[in-house]
Each structure stands twice: as C-alpha cells, then as structure tokens.
Amino acid sequence: MDLRGTVTSVGSVRTVGTRYGDREVAEVYVDGDEVTLWGDWAETAELVDEGFDVAFYDLDGDRSTTADSQVVVEPSYMVDVTAVRSWVQCPRIQYLGKIRPTPMEYPVVKGTLVHQVFEDLLRGADVDASVERRVRESGAEVELSGESIEDALKDVRQHADAISGWLNQDSLGEDGWRSEVTLVSTDLGLKGRCDALRRGRPVELKTGKSVGSDPYFQDKIQVALYALLLRERGVYPETGTVIYTKNASLDRSEGDVSPAKDFTVGDGLLDFALRKRNEVAAYERRIEVPTGYEAEADCSRCFERDPCMVVAGRLQQESKAGEIGEAVENHELEFFNESYRSIEERRREVYGEFAELADGGRSSEYSITDVEVERVEEDGEGFVLHCRKPPDASKIREGDVVLASDGDPLRGEMARVKQLTPEEIVVSISEDIRVSRFDVYPSEFGFSRELSALHDFVLTGERRRKDVFFGEREPEFRDVDVGSIDGNPSQTDAVRRGLAADDLCLIQGPPGTGKTYTIARLVAASVDRGERVLLSSYTNRAVDNAVENLLKISDANLVRVGTEGGVGDSVSHLMLDGDDGADALRDADVVAATTSSCSGRLMRELEFDRVVLDEASQLTSTAAFAAMNRAPRWVFVGDQMQLPPVAPEESVFERLLELHPDSAVSLDKQYRMAQRIQAFSAGEFYDGTVYPANHEVAAKTLDDLSNVDVDKLEDPLRDTVCFVDVESSPQGNVHMEEVEKTAEVVETLLDAGVEGDDVGVITPFRVQAAEISERVPDDVAVDTVDRFQGSSKEAIVVSLAASGEMESPVFEDDRRLNVALTRAKRKLVLVGDVSALRSRGLYSRMVDWARADDTTPE
DNA sequence: TCTCTGCCTAGAGGA
C-alpha cells in the first residue's frame, strides 16, 4: 500500500533482534497512523520532524516497510539530480554550488562544448564540423576562460574523437540513442536531465578521467537517480554507463582506461541514492546550511576546501573544514540570511507548480492543449514542429522553454517556442515525438542567478559599494559640466547628476517624462568622457528599447549580450557572433544586457565604470546585484509610483530612495498625454509635480490624427477621457459584458478612422485580455496592465474588470491603476461597473474625474 | 481564482 501525509510524531531509532539478525527499526506517525520503518529506512526517522510531508510506497498491510518499499521525504521539494551528486561528495559542496556562481574556468567551458558535440554526434553530425562550429560559437567564453581558440579546438577534438571512436564500435550505431532527456517525478520529488539514453539505459558523459574499473561513486549515484526516474516511466534499466572522455589520452599502464564504464544499477544502490535525495530535501525544507559533518567527507583532500572555509568565515557558519577570514558586518549577514531565505521560499512556491503539472488539472494559463502537429521540418539542431491550436490565455510566450507531450506533461520533452500566434505555435525540439499539448516548465533558473549575485555582493563585493547600499555611507558627487537639453531643465539635471555621481544617482521618471531619452543622453555623455558603461534592465524589451534610443544619438561601440530568443530583431546585429573573440567585449564602450544575463559566466568577467539600470523600481535588490556588481557607480532609473517587483519585496529603487533621498532627481515634464488625461495621475500620485511639456502636448486630441473623423463618435466617446458603465456579473476573472462593450468601443474608434495600430486595450486580468483579444482585429494591442507598462498608444481602452467589493488582490496596489491610466496619448476610455468601482476610494474618485465632461445622466 | 521575466541549466581536479 501507498501512504502520504504529514508527520505527527517521530519515534527513535533502535536495534532489535529478528530471525534475520539485528535490524534497525523506528516508528513514524503520519496523520496519527503508525508506520514502521525497517533497516536503512529507519534512518528517515532522524531526518524528519513534526510537520514534514512524507510519502511511503509499497508498505505491507501493517504499514511496515518491506524489501520493495520506498520512502520519500518532502516529495513536493523537487531535488535536482546534480544536487544529490554533489551532496554525496560533501553536503557543503552542494551548498557552495548553490550559492556560488559558476566560475569562468576553461574545464567548465570545455565540459559544455564536449556535451554539445556529443549531442551533435548522436544526431549523426560530422566530428570536424561539430567541433569547429561549437568552439567558434563560444569563442568569447573560451578566451575569457584563459584558453586560445586554437588550443580549445585541438582539445575538444580529442574528447570528441574518444566519443566517436567509442560510438563507432557501438552495435546500436546512431539508432537506439536519445540525447538530453528531461526526467521529472513528483512522486519521488526528483528531476534531472540525463545526457543520453542508450536503449533505455542512462548514459552520463564526463570530460575527466577515471582509471579504476568502476566509475566514481558520485557519478554512479547520478546515473542511479536517472535510472530511478526512468522506472517511474515504466522503463527498468539494469545497467548504467559513465563515459570518461579523457581516458582515451591516458597510458594503458595506468589501468582500465576504456572511456565507457558500465555498472549494475541494483535495488540497493537505487534505495541508497533515494535516501541521499531525502537528506537533501530535509535540509532544504529547514532552509539549513550543512556543516560537512553530515557525511564522512575528508576535508584534507578536498579541492573546494578554501572556498568552503572562506564562506564559512565570512558568514559565521560552522564548517568541518574550519573557517578563515573576517566575518561580514552584522547587518550584511542579516541581509544575506534574510535574502537567502526569501529566495528559497520562492523556489518552493515554484515547486508547487510541478505538483499541478502532475495532476494534469493545471489551470489553462499554464498550458496550450488540443494542439495538432501539421508539419515537421528537420534542421541542424533537431526538429521544428508547426502546430495548429485553438486560441489560448496561457502564460506561454515566444522564446519560452516548454514541455511538449502527448498528454502527460511529466513525460514530455523540452521544446523552445519559436513563434506564437492565436492559431499557430512553432517550436524547436530535439526529438520528433507525438505532441498534443505544451506546458510551462516551472523554472528555478532565476533563483540560482539571484543567489550567486547575492554571494558576490555580500561576500566579495567592495566595501564602499556595500556601505552605500546599506546606508552606512553617503553617496558622493563631483562637479561636471554637461550641455543642456533644450527646454527641459529636469532632464539636464538628471544627466548632470547621473554623470557626477561617484556612487549612486536615482532618476525618478513619471510616465511619459522621457526616461529613455534621458538614459540615452546620459550614456552618450558618459562614453564621451571615456567611460565604459553597462546598460541594463530587467526585461529584454526595455534593454532593446534603451539600445535603439542610444544609437539614435550616439555612435558608441555597443555590444548586446543575450540569447537568440530574447534579443529583439532590431538590435540582434549588435550581438557577438562566431568570429568575435573576447576583445569585442573588452573594447566595447557600452555593453547592454538584462540583469539576469549580468550574472552569467560571460558578463561576470567584465568590469565597467558605470552601470545605468532601467526599470529599477521593478527589481528586487538581489535581482539588481548582478548589474551592481559590475561597476562602482550606479544610476537607477525608475518610478516608485508604477508597478513594483512581482516578488513581495521592496524594490532596489525604493530602498535606496529611502536611504539616500538626496541622491534622487525627478523628471517633471511629460510628453505623452493630453492635459486632460494626465491630470488624475498627476494629482493622485505625483502631488501635482508633473506637467505637460508644452502647449502642444497639453492640447493633443484625436482630431490631430489624419483620417480620424470625431463626428462619428457619439457621447460620451467624444470626450478625451470618458467612462462607459457596464453592469458586471463575472465568471471567474472574465467579465463578459465588459468584454463585449470594450470590443464595441474599439470598433467605434476604428470606424471613426483611428488606425488599429494606434489603439490599445488594457485590463488587469490575463483571461479578460484573452477574451477581448479574440473580439478585436489583430493589429489592436490587447494586454494586461503589467505587460503594458513601458508602452503607450494614441487611444487606450481600459477594461477595469471590477466587481463586488473589488476583493481581488489585483486591485490592492494602487500603482497598477496609475499605470493603466497613463498609457493613452489622446483618448482614454474607461469601461467598468460603477457600482463596484464605488467601493474603493481611489477608483471612485477616478469615476468622478472621468465623468467630469459627461453631460449624459448617470 | 492576481500581476510575471529571466535563462541554454553543462562541471576538471583525488582516492
């Protein structure tokens, strides 16, 4: 029988004599029921506490473990296979691997390249061509890791020859192989990506050497865990293989130097590996830091000994290896621990999404279903599937990594979305499998990046930067001369202060005040003075936008770092290509990248004089550290009256604004909205300190656009700002009456001659946006408020989707309304249910404001 | 019943 529940009490482990000899035994109570754990499973009692979630598989009728039983601690925690691998070496290595960034060292870069070549070879690629292509593609990384391209080519070639020589002897040839298989089990709380499967048996590739007849123990554990995951799919591999590609270059006298080492994956090994997984899960549940005493690790021979001792010393941790160096300040330690905790808690939340995936009952926002593959193309990298699909309201966007499956997402393959329209989805995928649905793959990528940036900032960051961040030191400014910006003293001031800042400057830019132009002027002026600038932001869209605007006024030498899917077409020619080495990065005046990219291996090798960070009011401190670590001078651009970070934390912009209000400048002239449109926002959110830049801006109307005939608009749509009342009876977050009304308003505007491209529809809920989008022409942009932040349109229709007492948390943050009301240049139409909107003061005042010109009776 | 973007998820070195 199987059992899963919450531990209510735990007995102690003891030894009893049985007819099989002495055995360990312990009792655990789960939701009040006694479960008896025998043998090695008895250790579980020492891992768990009251409140832990535990699953038992194949117990006997008395709820005792048998030879076939498995016990899983905290199955909802999705432990990664590689985490267990390093835990087996030493629990501290697992912890260090989590908080420290991947070093830019040649062996690591080489390991990546050899894996890529291995994958190419399994697809039948030519060795020479694959080595050449992969090494050249990563030219900058190779050079930054301290190796020349020529030597790397030779080296990778040797490893590739070892693989292909061995593959050529393989009876299966290229058949019977699958590469890069994603394996996930929510029953075991385990996930991982296996390098390859050879007729259902796991194969792991290592670029090192192993002269014994057996693979290293941690490698066997890694492969055993893949075998365990395969069993969950009904595949029962009897053996596993580790390939050590460096063995090919060894002397035969050293022992067994064949590259591939097979070994048996028996029940004992699998159970052991699962218990190790449980140890990791128990530690993660408590958010504890291991000391190294948990395992019989021998510190004297450990190559991670120095970093282990340094981290322990800096963070005042106990470590088996000992501690060296000076501890960080107490407030820094506190900040580190708090941030670590917060990141780990958010990671757990993401794991909850795996459980929903397994249920298959996942809400539609996480998946696209009823997909039909229409066409399959083969390209050098794998396959491209062109699929028809019904319209959807999912979170899935172009560039995302998704699980493609024929029904059960947990048995899916990773695919990348190349194109997405309401009717079609095009993905690239390594295997041509049957596909009927796509699911969001819950990614914890960002968390490891935040942890490593946090580590760098607090543990290895410079004193002065830290003191400014923690409010221990006042930012300093020097005198600089800059040319003035015509008719805009506040922009001129922002550029001057930004350039004068030796530590920090905060530029607050309310909607439409020319943040992007100010950034361009500042970066250009900074480059003119011989500085090297990092231009960064949270989203790719904002980075691209900043780059485009900079290039309009400057001929600075700029490199855009990012991924193919992320960087927009308009600036993709600024990315490095295969012919560029590290010098292209070292010589650039400006490097532009997302904050996430800034903690990548490549960016971590670069230093700058100044970082200009856009969207800083949407970034948490830990997310911003990646960019802040790259330069001693920080210029943050944002607006604390617009949307905050999604994570429930204060933004880095707000934090520093509170600590250093004297380092802030505000932009006050807005170029976007007609006077009538900006008035409410200016009064409610900016104390009336924002003005139209000039008379033309203030007097903007829809009439000014060619082809528009305002006589075709009837009251109340004639007014620049107007309100349309609709009674609402929502189903979920879909307010259907409002959907219809909004579509009607859009149609009226289009009939009056407004171009579709000049109209935008925004609404708080994604599902509401999806419904509206189906009822308006394709060139009308429909999106959530959050996603519309940063852009604007001539005419905006807001579907407020309010009902009842407006209980939804989406209405709790008033800043969302500020964003919604400040996207329109010439016409703002609000659609909503008056009786609901009256339940909140701010919204009620908004209704009165919108109706001020309205002569029709309520 | 809320909002949501990043990223190629690779790893030598010892017994």
Side-chain angles (χ1 to χ4, degrees), chain A residues 80-82 85-86 89 93 97 102-103 105-119 138 141 180 182 191-193 195 204-212 214 216-219 222 244-246 298 300-305 363 365 381 395 397 399-401 414 416 440-441 443-450 537-543 562-566 593-601 615 618-619 623 626 643-648 730-734 763-769 783-789 801 807-813 815-816 819:
Chain A
D80 199 274
V81 167
T82 53
R85 177 185 191 268
S86 41
Q89 289 183 81
I93 293 183
T102 313
E105 283 164 18
Y106 175 65
V108 180
V109 176
K110 178 179 76 181
T112 310
L113 292 170
V114 174
H115 274 80
Q116 289 173 343
V117 171
F118 179 49
E119 217 183 318
S138 304
E141 289 206 5
E180 289 292 329
T182 304
K191 66 186 169 65
R193 226 146 80 115
D195 283 342
E204 180 60 29
L205 185 74
K206 300 288 174 197
T207 41
K209 62 175 192 279
S210 162
V211 286
D214 245 16
Y216 288 120
F217 188 60
Q218 63 267 26
D219 297 336
Q222 186 177 358
Y244 293 95
T245 55
K246 202 176 177 183
D298 178 359
S300 69
R301 266 201 297 240
C302 178
F303 36 83
E304 296 282 25
R305 186 178 178 182
S363 55
E365 58 182 325
E381 306 258 318
K395 296 179 160 187
R397 312 273 176 205
D400 285 358
V401 172
M414 300 297 250
R416 180 174 285 279
V440 176
Y441 185 78
S443 167
E444 50 178 312
F445 185 86
F447 306 133
S448 26
R449 291 249 154 147
E450 279 189 36
S537 185
Y538 184 44
T539 62
N540 274 306
R541 218 159 82 175
V543 173
T563 57
E564 213 179 297
T594 57
T595 46
S596 181
S597 286
C598 287
S599 51
R601 223 161 46 188
E615 291 185 323
Q618 286 190 278
L619 282 163
L643 286 166
V646 174
Q731 289 204 296
N733 286 325
V734 178
T763 182
F765 302 106
R766 193 156 9 85
V767 280
Q768 179 83 352
D783 233 319
T784 57
V785 182
D786 299 57
R787 282 178 53 81
F788 227 94
Q789 174 154 320
E807 300 88 353
S808 171
V810 85
F811 298 115
E812 257 159 40
D813 198 322
R815 293 174 285 191
R816 188 164 277 113
V819 173

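What you see below is based on every heavy atom in this structure, not just the backbone, and it leaves out hydrogens, waters and symmetry mates. Chain letters run A, B, ... following the sequence lines, proteins first and then strands; every chain starts at 1. No experiment lies behind these values; they were computed from the predicted model shown.
- Across all strands, A:T112 comes closer than 4.0 Å to base atoms (heavy-atom distances).
- Counting only heavy atoms from C-beta on, A:V810 has its side chain closest to B:dT3 among B:dC7, B:dG14, B:dT3.
- Using a 4.0 Å heavy-atom criterion, one finds that A:P764 contacts the sugar-phosphate atoms exclusively.
- At a threshold of 4.0 angstrom between heavy atoms, the contacts of A:F765 are confined to the sugar-phosphate backbone, with no base atom among them.
- Of the candidate nucleotides B:dC7, B:dA12, B:dA10, B:dC7 has the atom nearest to the side chain of A:S443.
- Under 3.5 Å, the side chains of A:E615 and A:T539 contain a donor-acceptor pair of N or O atoms.
- In the model, A:D400 has no side-chain atom that pairs as donor or acceptor with a side-chain atom of A:Y441 under 3.5 Å.
- Considering only the side chain of A:D786, B:dC4 comes nearest among B:dC4, B:dT5, B:dG14.
- When rounded to the nearest whole Å, the span between CZ of A:R193 and P of B:dG11 equals 11 Å.
- Using a 4.0 Å heavy-atom distance criterion, A:K110 is classed as making no nucleic acid contact.
- Put simply, A:R766 has a side-chain N or O that comes within less than 4.0 Å of OP1 or OP2 on B:dC4.
- A distance-only check finds a donor-acceptor pair linking the side chain of A:H115 to the backbone of A:L205 [under 3.5 Å].
- A:T102 comes within 4.0 angstrom of a nucleotide base, judged by non-hydrogen atoms across all strands.
- For A:K246 and B:dG13, the shortest distance from a side-chain N or O to OP1 or OP2 is below 4.0 Å.
- Residue A:R301 has its side chain nearest to B:dG14 when only B:dG14, B:dG13, B:dT1 are considered.
- Residue A:L205 is in sugar-phosphate contact alone, with no base atom involved, counting any heavy-atom pair closer than 4.0 Å across all strands shown.
- Side-chain proximity of A:Y216 to B:dA15, B:dG6, B:dA12: nearest is B:dA15.
- Between A:D195 atom CG and B:dC8 atom P the separation is 18 Å, expressed in whole Å.
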### Task
Evaluate salt bridge (charged side-chain N to carboxylate O under 4.0 Å, His left out) for A:R301 paired with A:D298, printing each intermediate quantity in order.
CA-CA 6 Å; A:R301 266 201 297 240; A:D298 178 359; 3.6 Å; yes
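- For B:dC7, the OP1/OP2 oxygens have a side-chain nitrogen or oxygen of A:N540 closer than 4.0 Å.
- For the pair A:T784 and B:dC4, the criterion of a side-chain N or O lying under 4.0 Å from OP1 or OP2 is met.
- For the pair A:T594 and B:dT5, the criterion of a side-chain N or O lying under 4.0 Å from OP1 or OP2 is not met.
- Between the P atom of B:dT5 and the CZ atom of A:F445 lies a distance of 16 Å, rounded to the nearest Å.
- The environment of A:Q731 atom CD is sparse: at most 12 non-hydrogen atoms of other residues, nucleotides or ligands sit within 6.0 angstrom.
- Rounded to an integer number of Å, the gap from CG of A:L643 to C1' of B:dT5 is 14 Å.
- Proximity of A:K209 to the phosphate of B:dG14: a side-chain N or O atom is located under 4.0 Å from OP1 or OP2.
- Taking atom CZ on A:R787 and atom C1' on B:dT3, their separation rounds to 11 Å, with Å as the unit.
- Within the 4.0 Å cut-off from OP1 or OP2 of B:dA12, at least one side-chain nitrogen or oxygen of A:T207 is found.
- Of all nucleotides listed (B:dA12, B:dG11, B:dC2), B:dG11 comes nearest to the side chain of A:E204.
- In terms of phosphate contacts, A:T563 brings a side-chain nitrogen or oxygen within less than 4.0 Å of OP1 or OP2 of B:dC7.
- Between the side chain of A:Q218 and the base of B:dG14, at least one donor-acceptor pair of N or O atoms lies under 3.5 Å.
- Rounded to whole Å, the distance from CD on A:E615 to C1' on B:dG6 is 12 Å.
- A:R816 places a side-chain N or O within 3.5 Å of a backbone atom of A:V810 that can act as its donor or acceptor partner.
- Residue contacts shown for A:G732 include a base, since a base heavy atom lies under 4.0 Å away.
- Nucleotide B:dA15 holds its P atom 14 Å from the CD atom of A:Q89, rounded to whole Å.
- Remark: C1' of B:dT3 and CD of A:Q618 are 10 Å apart, rounded to the nearest angstrom.
- Interatomic distance, A:R541 CZ to A:T594 OG1, rounded to the nearest 0.5 Å: 14.5 Å.
- In this structure, of B:dG11, B:dG6, B:dC8, it is B:dG11 that holds the atom nearest to the side chain of A:V108.
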